[in-house]
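Starting from 1, each residue takes its place in the sequence as its number. Note that these values count all heavy atoms, side chains included, but never hydrogens, waters or copies made by symmetry.
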Amino acid sequence: RGVATGQRSMLVLVGDYGKDQVPNLHQLLTKTSVRAQPNVLWCYKKELGFSSNRKKRMKKIKRNKSRGLSADESTADNFELFISGTDINWCYYRDTHRVLGTTNGILVLQDFEALTPNILARTIET
């Protein structure tokens, strides 16, 4: 409903596999909005849990495949396609002051327990 009316909406995903649902939500928003593909602001505290560098990610996937440790191909490919094909602005929580005044289509807040009211207000205001 928020997309149809042009209002901001909030959806909270909690759990270990929340990052795997971000590509699906991005695809839904892309299909429902008339504008260009929405850019993403991804904020986190210390570490992402995955590499934002494409070459490092591909090297790790290749190494895991050679060891026989490859994960579920469909979710890995979906997330990898999302990361490589989307305009994502990576930001530490401590650097959220630099994103004030920017416009983003999607906001991802990782490490939810590290959020403070100030950080939440700064990121949602963008």
Side-chain angles (χ1 to χ4, degrees):
R1 179 180 167 133
V3 175
T5 59
Q7 296 177 347
R8 293 179 187 165
S9 301
M10 184 183 295
L11 176 67
V12 178
L13 297 175
V14 179
D16 295 334
Y17 301 105
K19 76 172 180 76
D20 295 333
Q21 296 306 316
V22 173
N24 298 333
L25 295 171
H26 184 267
Q27 183 180 15
L28 285 172
L29 183 61
T30 302
K31 286 183 177 182
T32 57
S33 68
V34 179
R35 294 173 289 185
Q37 185 177 14
N39 59 339
V40 177
L41 174 62
W42 194 301
C43 297
Y44 56 100
K45 183 176 180 179
K46 287 186 180 178
E47 60 185 50
L48 284 168
F50 56 90
S51 176
S52 61
N53 186 323
R54 185 171 189 265
K55 288 182 182 179
K56 286 182 183 179
R57 282 194 322 274
M58 297 310 261
K59 191 183 224 182
K60 183 179 179 183
I61 290 171
K62 189 181 285 186
R63 183 179 44 209
N64 284 345
K65 281 185 181 180
S66 68
R67 292 179 182 171
L69 300 174
S70 62
D72 184 16
E73 299 270 335
S74 63
T75 58
D77 287 346
N78 190 19
F79 189 71
E80 293 298 323
L81 287 172
F82 168 71
I83 295 292
S84 61
T86 308
D87 179 27
I88 301 176
N89 185 10
W90 306 98
C91 178
Y92 287 113
Y93 282 152
R94 66 177 178 259
D95 297 332
T96 53
H97 62 277
R98 70 177 175 86
V99 298
L100 280 172
T102 61
T103 303
N104 298 291
I106 296 177
L107 169 65
V108 177
L109 298 172
Q110 190 172 329
D111 304 327
F112 202 70
E113 62 275 352
L115 276 176
T116 63
N118 246 1
I119 292 172
L120 188 62
R122 272 190 230 147
T123 53
I124 289 180
E125 189 61 34
T126 61

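Taking NE2 of His26 as the start and CG of Asn39 as the end, the distance is 8.0 Å to the nearest 0.5 Å. Between Ile88 atom CD1 and Ile106 atom CD1 the span is 9.5 Å, to the nearest 0.5 Å. Within the model, atoms OG1 of Thr123 and OH of Tyr93 stand 7.5 Å from one another, a figure rounded to the nearest 0.5 Å. Separating the CD1 atom in Ile119 from the NE2 atom in His97 is a distance of 11.5 Å, to the nearest 0.5 Å.
When the side-chain contact (heavy atoms from CB on, under 4.5 Å) test is applied to Arg98, the partners found at least two apart in sequence or on another chain are Asn89, Cys91, Asp95. A search for side chain to side chain donor-acceptor pair (under 3.5 Å) contacts involving Gln21 returns Asn24, not counting sequence neighbours.
Both Leu41 and Val12 belong to a common hydrophobic cluster when Ile, Leu, Val, Met, Phe, Trp and Tyr are linked at side-chain heavy-atom distances under 4.5 angstrom. Linking Ile, Leu, Val, Met, Phe, Trp and Tyr residues whenever their side-chain heavy atoms come within less than 4.5 Å leaves Leu29 and Leu13 in two separate clusters. When hydrophobic clusters are built by joining Ile, Leu, Val, Met, Phe, Trp and Tyr residues whose side-chain heavy atoms come closer than 4.5 Å, directly or via intermediates, Ile124 is grouped together with Val99. Taking hydrophobic clusters as Ile, Leu, Val, Met, Phe, Trp and Tyr residues chained together by side-chain heavy-atom distances below 4.5 Å, Val108 does not share a cluster with Leu11.
Put simply, the side chain of Asn104 does not reach to within 4.5 Å of the side chain of Pro38, judged on heavy atoms. You'll find the side chain of Val40 stays beyond 4.5 Å of the side chain of Val22, heavy atoms only.
Between Trp42 and Trp90, the ring planes lie tilted relative to each other; the angle falls in the 30° to 60° range.
For an aromatic pair to be called close, the ring centres must be under 6.0 Å apart, and Tyr44 with Tyr92 satisfies this.
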